[in-house]
Number of protein chains: 2
Amino acid sequence: MGVCWPGMHLTRYTDYSLRVLLYLGTHEERVCSVSEIARAYDISQNHLMKVVHNLGRAGYVSSVRGRLGGVRLAQACEEINIGAVVRSMEEDLQLVDCGSCLIAPACGLTGALNKALYAFMTVLDGYTLADLMKQRGKLARLLDLGVA
Amino acid sequence: MGVCWPGMHLTRYTDYSLRVLLYLGTHEERVCSVSEIARAYDISQNHLMKVVHNLGRAGYVSSVRGRLGGVRLAQACEEINIGAVVRSMEEDLQLVDCGSCLIAPACGLTGALNKALYAFMTVLDGYTLADLMKQRGKLARLLDLGVA
DNA sequence: CTAATATATGTATAAAAAATACATGTATTA
DNA sequence: TAATACATGTATTTTTTATACATATATTAG
Ligand code: SF4
Ligand code: SF4
């Protein structure tokens, strides 16, 4: 059967953003190069470069060019709110496009979806990067395994 | 700039499912053909046929073949839970694919996302089809406008 | 000073997902 | 029995997302 089976999901772009923050959070003491992070996770370095660049524009990381350059967190782990990160990475946080739907003026679904999305984001707003790193030691070990 | 701008969203497939239910809900007194519904919303009849078929398999609508056939709700509007509908239409309700991520065993993000998704679905679980049809009169008028 | 290395940035391509089109079968009834 | 509506599988197109490629710019070790 060739049915198209759908799924609600975050883009990898956003997940990669969080992965970068997790990496930098476990290596706060130094700057890390994008290639190092890409190697750790075994993902596209080019793609990750843009992710990192965007994290920079959003103020989450600061970067140093040139030899021995790299990236580091621009804020403390405790200060980085996950909901805010997702909001700034997933530009278009509307669940459906009602643009060309003729019942939009009377549709009760839009309200329900907005409330649901609000609840979703509210949960994420309750987490900081530090909260996601409770198992910091294990995290560091896993990551270093990937780099090596 | 050719950046890829992402978005978390429900598929149209799921939205179409809800649209069908809304249509049938406002025309409870008779069976409606798929072509009629497709015309109302100005969307692909073939696609909608599969949506409807699936709604049937999930028990939300019952269909009648042959001439003068069509589809109708198999349950009362008050009995059709929106969360349940979304769950049965969006097969893969996991937000990210952690399959090939090396930090999965120590990642705190998965838990946060699961909690967020749970909150999202819980809100939808609080709605029935009837709740989405508060403006039933206006809804019917808009829909008939599309069919004509 | 300069070669090496890292980020910055835009474009092009590939891959994946989703939507739509097409084709054909089956059931119902006017 | 012809018309019509659902059923079902395949193919194609479109859209989105991810990745690759190319080149510019900044920094510093040596
Ligand atoms: S949410 Fe309502 S208005 Fe928006 S596209 Fe879906 S049915 Fe139409
Ligand atoms: S949620 Fe955590 S484990 Fe899953 S892919 Fe993202 S970073 Fe990896």
Side-chain angles (χ1 to χ4, degrees), chain A residues 1-17 19-20 24 30-39 41-58 61-72 74 89-92 94 96-97 99-100, chain B residues 1-17 19-20 24 30-39 41-57 61-72 74 89-92 94-97 99-100:
Chain A
M1 286 213 328
V3 188
C4 55
W5 274 138
M8 184 178 100
H9 54 266
L10 253 43
T11 55
R12 260 180 232 182
Y13 193 92
T14 297
D15 186 58
Y16 286 176
S17 304
R19 290 201 206 186
V20 167
L24 298 179
R30 63 176 175 87
V31 297
C32 309
S33 76
V34 171
S35 76
E36 171 189 337
I37 304 175
R39 196 163 68 255
Y41 289 112
D42 190 25
I43 58 185
S44 159
Q45 174 176 341
N46 297 285
H47 201 200
L48 208 56
M49 179 66 75
K50 299 179 187 194
V51 169
V52 166
H53 179 58
N54 227 58
L55 283 172
R57 303 204 336 158
V61 307
S62 60
S63 58
V64 182
R65 283 189 173 187
R67 192 162 172 156
L68 298 197
V71 195
R72 70 173 59 207
M89 294 300 124
E90 299 264 334
E91 175 181 80
D92 181 17
Q94 72 179 26
V96 293
D97 173 20
S100 58
Chain B
M1 287 211 328
V3 188
C4 54
W5 273 136
M8 184 178 100
H9 54 264
L10 253 42
T11 54
R12 258 179 233 184
Y13 193 92
T14 296
D15 186 59
Y16 286 177
S17 305
R19 291 201 205 186
V20 167
L24 297 179
R30 61 177 176 88
V31 297
C32 309
S33 76
V34 171
S35 76
E36 171 189 337
I37 304 175
R39 195 163 69 255
Y41 289 111
D42 190 26
I43 58 186
S44 159
Q45 174 175 341
N46 297 285
H47 200 201
L48 208 55
M49 179 65 74
K50 299 180 187 195
V51 169
V52 166
H53 180 57
N54 227 58
L55 283 171
R57 301 204 339 159
V61 306
S62 60
S63 58
V64 182
R65 284 190 174 187
R67 191 162 173 157
L68 296 197
V71 195
R72 70 173 60 205
M89 294 300 124
E90 299 265 334
E91 175 180 81
D92 181 16
Q94 73 178 26
L95 286 161
V96 294
D97 173 19
S100 57

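In what follows, chains carry the letters A, B, and so on, assigned in the order in which the sequence lines appear, proteins first and then strands, with residues in each chain numbered from 1.
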How many angstroms lie between atom [atom1] of [X] and atom [atom2] of [Y], to the nearest 0.5 angstrom?
| X | Y | atom1 | atom2 | answer |
| --- | --- | --- | --- | --- |
| Asn54(B) | Met89(B) | CG | CE | 5.0 Å |
| Met49(A) | Ser63(A) | CE | OG | 9.5 Å |
| Arg30(B) | Leu24(B) | CZ | CG | 9.5 Å |

Which residue, Arg67(A) or Cys32(B), contacts DNA chain D at a nucleotide closer to its 5' end, judged by nearest heavy atom?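 First, find each residue's nearest nucleotide; the 5'-ward one identifies Cys32(B).
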Considering only heavy atoms and no angle criterion, is a donor-acceptor pair shorter than 3.5 Å present between the side chain of Lys50(B) and the base of dT10(D)? yes
Expressed in angstrom and rounded to an integer, what is the separation of [X] atom [atom1] from [N] atom [atom2]?
| X | N | atom1 | atom2 | answer |
| --- | --- | --- | --- | --- |
| Gln45(A) | dC21(D) | CD | P | 12 Å |
| Asn46(B) | dA11(D) | CG | P | 16 Å |
| Tyr41(A) | dT19(D) | OH | C1' | 19 Å |
| Leu10(B) | dA19(C) | CG | P | 10 Å |
| Met49(A) | dT25(D) | CE | C1' | 12 Å |
| Asn54(B) | dA19(C) | CG | C1' | 15 Å |
| Leu55(A) | dA8(C) | CG | P | 11 Å |
| His47(B) | dT14(D) | NE2 | P | 15 Å |

Using OP1 and OP2 only, check whether a side-chain N or O of [X] sits under 4.0 Å from [N].
| X | N | result |
| --- | --- | --- |
| His53(B) | dT8(D) | yes |
| Ser35(B) | dA5(D) | no |
| Ser63(B) | dA7(D) | yes |
| Tyr16(A) | dT17(D) | no |

Would you mind telling me which residue lines up with the more 5' stretch of DNA chain C, Leu68(B) or Arg12(A), judged by nearest nucleotide? Arg12(A)
Which part of the nucleic acid, if any, lies within reach of [X] when heavy atoms closer than 4.0 Å are counted: base, sugar-phosphate only, or nothing?
| X | value |
| --- | --- |
| Val34(A) | sugar-phosphate |
| Val52(B) | nothing |
| Gly56(A) | nothing |

Are side-chain heavy atoms of Val31(A) and Val71(A) found at a separation under 4.5 Å?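 No; the side chains remain at least 4.5 Å from each other.
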Of the nucleotides dT19(D), dT7(C), dC6(D), which one has an atom closest to the side chain of Arg65(A)?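 Closest nucleotide to the Arg65(A) side chain: dT7(C).
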As a quick check of understanding, evaluate side-chain contact (heavy atoms from CB on, under 4.5 Å) for Asp15(B) and Val96(A), giving each step before the final call. CA-CA 7 Å; Asp15(B) 186 59; Val96(A) 293; 4.1 Å; yes
